[in-house]
There are 2 protein chains.
Amino acid sequence: MNYKIKSRIWIEVGNNVLLGEGRVRLLKAIEKTGSLSKAAKSLKISYKKAWTLVDAVNKSSKKPVTESSIGGVGGGGAKLTSHGKDLISAFDEINKSCWKHLDQELEKLYNL
Amino acid sequence: MNYKIKSRIWIEVGNNVLLGEGRVRLLKAIEKTGSLSKAAKSLKISYKKAWTLVDAVNKSSKKPVTESSIGGVGGGGAKLTSHGKDLISAFDEINKSCWKHLDQELEKLYNL
DNA sequence: TATCGTTATATTTGCAAGAACATAACGATG
DNA sequence: CATCGTTATGTTCTTGCAAATATAACGATA
């Protein structure tokens, strides 16, 4: 009957959100562009919003997830720490596994 | 390291949302109270919001999910159809199974 | 036929999240 | 030491969504 199951997952540490889909998308864009402002542009969100998100991620994580440099040639930049990369790939794995699992659960709707 | 994985799932049919956690909560309250207005009160949402939600559910489902009567002694009421009950229990099962699965996935964060 | 508590719906109001704007600081380089 | 593109923040402005408000319709009952 054309049913689809969709999901959204996120990781919390303590009472704070650490990573969700939007944050992961932003972190990946930072990895690709090497800069927070370019990442923001590529996702069509304001620099301010991107900065606030990254700040929240770093504040709720004990080890930092991004590293940034200010000034210098090119103005500076931002990149992921290895811990950040690990977190992202863990998130992706968990997310994919969740989708797969939900696809199997679809059968529970077959006769509805 | 105190990580928690949270999730939110919903069922779509075509391009419309059929059921999500909020809608299921509302339908259960209707089942318990026998009335849309009482259900809304118990969930502390406006009658309008509750009505809009139920209307959306019934519009995106081919078979109706609730049945309502207007007027008469007591003013009328609303209750779930058997199809509605089936949908709710399927949703609950899928949701619980998803939580369980995500709990197992937590191990992927152990050393992060 | 007046009453009552409900369903059903339109319209207005309020507010909070996000967008937009502004500005300071930074450091390599020429 | 002026320039440049970035990071890092604070402040104001907007707007979409939720809440509040209003009102019609309904039908069993006494």
Side-chain angles (χ1 to χ4, degrees), chain A residues 8 10 12 15-61 63-81 83-84, chain B residues 8 10 15-17 19-61 63-81 83-84:
Chain A
R8 189 136 292 178
W10 64 96
E12 293 188 1
N15 288 328
N16 303 316
V17 173
L18 172 60
L19 278 186
E21 291 193 8
R23 295 175 185 210
V24 165
R25 212 177 315 138
L26 176 58
L27 292 177
K28 284 178 178 172
I30 291 173
E31 189 176 26
K32 184 180 294 178
T33 61
S35 141
L36 182 51
S37 71
K38 281 177 194 156
K41 234 167 255 168
S42 80
L43 298 182
K44 287 172 189 160
I45 61 177
S46 69
Y47 173 85
K48 169 84 190 257
K49 180 172 181 179
W51 182 86
T52 306
L53 278 171
V54 169
D55 190 52
V57 172
N58 281 319
K59 270 179 182 153
S60 40
S61 170
K63 293 186 197 172
V65 170
T66 64
E67 238 169 19
S68 57
S69 59
I70 316 178
V73 62
K79 59 179 189 173
L80 301 188
T81 62
H83 182 243
Chain B
R8 189 136 294 181
W10 64 97
N15 289 327
N16 302 316
V17 174
L19 279 186
E21 291 193 8
R23 295 176 185 210
V24 165
R25 213 177 314 139
L26 176 57
L27 292 178
K28 284 179 180 172
I30 290 173
E31 189 175 27
K32 186 180 294 175
T33 62
S35 141
L36 183 50
S37 70
K38 280 178 194 155
K41 234 168 253 166
S42 80
L43 297 182
K44 286 171 191 161
I45 62 178
S46 68
Y47 173 85
K48 167 82 190 257
K49 181 172 183 182
W51 182 85
T52 306
L53 279 171
V54 169
D55 190 52
V57 171
N58 281 319
K59 271 180 182 153
S60 41
S61 171
K63 293 186 199 174
V65 170
T66 63
E67 240 169 17
S68 58
S69 59
I70 317 177
V73 62
K79 60 180 188 170
L80 300 187
T81 62
H83 182 244

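To find a chain, count down the sequence lines: A is the first, B the second, and so on, and within it residues start at 1. Small disclaimer: the values here were computed from a predicted structure and weren't measured.
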| Interatomic spacing from CG in A:L43 to CZ in A:R25 - rounded to 0.5 Å |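 The distance works out to 7.0 Å.
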
| Gap between atom CG of A:L18 and atom OG of A:S61 - 0.5 Å precision |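 So the OG of A:S61 and the CG of A:L18 are separated by 5.5 Å.
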
Less than 3.5 Å apart, which donor and acceptor atoms pair up between the side chains of residues 30-37 of chain B and the rest of the protein, not counting sequence neighbours?
unit_1, atom_1, unit_2, atom_2, d
B:T33, OG1, B:A29, O, 2.8
B:T33, OG1, B:S35, N, 3.3
B:T33, OG1, B:S35, O, 3.0
B:S35, OG, B:S37, N, 3.2
B:S35, OG, B:S37, OG, 3.2
B:S35, OG, B:K38, N, 3.0

| task | For A:E12, enumerate each residue passing the side-chain contact (heavy atoms from CB on, under 4.5 Å) test, keeping only those at least two apart in sequence or located in another chain. | result |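 Counting only residues at least two positions away or on another chain, A:E12 forms a side-chain contact (heavy atoms from CB on, under 4.5 Å) with A:W10, A:V17, B:K4, B:K6.
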
| said: Taking side-chain contact (heavy atoms from CB on, under 4.5 Å) as the definition, give me every residue that meets it alongside A:S69, ordered by chain and number, with sequence neighbours left out. | reply: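 Testing A:S69 for side-chain contact (heavy atoms from CB on, under 4.5 Å), a comparison that skips the adjacent residues, returns none.
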
| said: Going by side chain to side chain donor-acceptor pair (under 3.5 Å), name the residues that satisfy it together with B:T66, two or more places apart in sequence or in a different chain. | reply: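 Result, side chain to side chain donor-acceptor pair (under 3.5 Å) vs B:T66: B:N58.
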
| request: Could you tell me which residues satisfy side chain to side chain donor-acceptor pair (under 3.5 Å) with A:K28, sequence neighbours excluded, listed by chain and number? | output: A:D92

| note | For A:V65 and A:G84, the nearest pair of non-hydrogen atoms, with its separation, is CG1-CA, 3.7 Å

| message | Please give me the minimum heavy-atom distance between A:L26 and A:A39, naming the atom from each residue. | response | CD1-CB, 4.2 Å

Polar atoms only, N or O, under 3.5 Å: list the protein pairs with nucleotides 28-30 of chain D and their distances.
unit_1, atom_1, unit_2, atom_2, d
D:dA28, O4', B:V73, N, 3.4

| Contacting residues from residues 24-61 of chain B, given that a heavy atom lies under 4.0 angstrom of DNA chain D | B:K49

Look for any protein N or O under 3.5 Å of an N or O in nucleotides 15-17 of chain D and output each such pair with its distance, or none.
none

Which side-chain N or O atoms in residues 46-57 of chain A pair as donor and acceptor under 3.5 Å with protein atoms at least two apart or in another chain?
unit_1, atom_1, unit_2, atom_2, d
A:S46, OG, A:K49, N, 3.0
A:T52, OG1, A:K48, O, 2.8
A:D55, OD2, A:K59, NZ, 2.9

| field | Divergence of helical axes at both termini of the helix from C:dT1-D:dA30 to C:dG30-D:dC1 - five pairs an end, 10° steps | value |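 Axis angle across the helix from C:dT1-D:dA30 to C:dG30-D:dC1, nearest 10°: 10°.
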
| Side-chain touch B:K79/B:S68, heavy atoms, less than 4.5 angstrom | no

| chain B footprint on DNA chain C, 5' to 3' - any atom under 4.0 Å from a heavy atom |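 The contact span of chain B on DNA chain C goes from C:dG5 to C:dT11.
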
| message | If the condition is salt bridge (charged side-chain N to carboxylate O under 4.0 Å, His left out), which residues does A:R8 pass it with, not counting sequence neighbours? | response |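 A:R8: salt bridge (charged side-chain N to carboxylate O under 4.0 Å, His left out) contacts with A:E21.
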
